[in-house]
Amino acid sequence: TPTQPITPRPPTTTAAPPDPSHNLWSNGDFETGTASWYPLGSGVSLATQSSDPSPPPGSARYLRVSGRTMGWHGVMQSPTLQIGATYSVECRAFVRFSTPVHITF
């Protein structure tokens with residue numbers, strides 16, 4: 001009897017939806033300083049502050065990024081994400097420049 005070739009199929013998996021109460025960012029409120037946050041770019045430095053300007057609601061601290069000389073310089077963190085899951089991300093930013101600048105998100 002002739003045999004039919006078997007076509008392999010990728011495994012079927014369903015990602016569990018992410019827990020909306022779980023913060024994807026480790027130390028997202030900067031309460032433990034710059035732990036888990038890393039500077040992007042040569043000369044970029046990170047510090048946490050609690051005044052000037054006032055910290056955002058719900059947190060006593062904010063992250064200050066300085067020494068940026070290129071548009072891609074900044075801050076990063078690598079959260080663990082689930083393949084196939086959908087995430088909603090919220091961010092608050094305060095940007096201070098000595099000259100007017102056009103910002104696109």
Side-chain angles (χ1 to χ4, degrees):
T1 58
T3 60
Q4 300 254 338
I6 297 174
T7 305
R9 288 183 254 178
T12 304
T13 59
T14 304
D19 178 359
S21 66
H22 176 70
N23 189 342
L24 295 172
W25 311 109
S26 177
N27 188 28
D29 56 9
F30 310 112
E31 294 302 319
T32 57
T34 60
S36 301
W37 294 93
Y38 304 96
L40 281 175
S42 178
V44 175
S45 61
L46 309 178
T48 55
Q49 294 184 286
S50 57
S51 62
D52 185 32
S54 299
S59 179
R61 303 180 78 70
Y62 65 93
L63 184 69
R64 181 180 178 116
V65 181
S66 58
R68 296 180 67 241
T69 58
M70 303 290 289
W72 60 271
H73 285 179
V75 62
M76 70 166 278
Q77 190 177 123
S78 298
T80 301
L81 305 177
Q82 298 173 0
I83 295 173
T86 301
Y87 296 90
S88 176
V89 178
E90 181 181 337
C91 165
R92 294 183 192 129
F94 173 82
V95 183
R96 185 183 333 194
F97 295 100
S98 57
T99 58
V101 175
H102 175 77
I103 300 175
T104 304
F105 287 97

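Quick caveat: nothing in here was measured; it's all calculated off a predicted structure.
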From CA spacing to verdict: side-chain contact (heavy atoms from CB on, under 4.5 Å), Gln82, Tyr87: CA-CA 9 Å; Gln82 298 173 0; Tyr87 296 90; 3.5 Å; yes

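Hydrophobic clustering, with ILVMFWY side chains joined whenever heavy atoms are under 4.5 angstrom apart, keeps Met70 apart from Val44. No path of Ile, Leu, Val, Met, Phe, Trp and Tyr side chains, each step under 4.5 Å between heavy atoms, connects Val65 with Tyr38, placing them in separate hydrophobic clusters.
In plain terms, the two heavy atoms of Leu46 and Pro39 that are nearest each other are CD1-N, 3.6 Å. When every heavy atom of Pro79 is checked against every heavy atom of Leu24, the shortest pair comes out as CB-O, 3.4 Å. The nearest pair of heavy atoms linking Arg64 to Gln49 is CD-OE1, 2.9 Å.
One N or O on the side chain of Trp37 and one on the backbone of Asn27 form a donor-acceptor pair closer than 3.5 Å.
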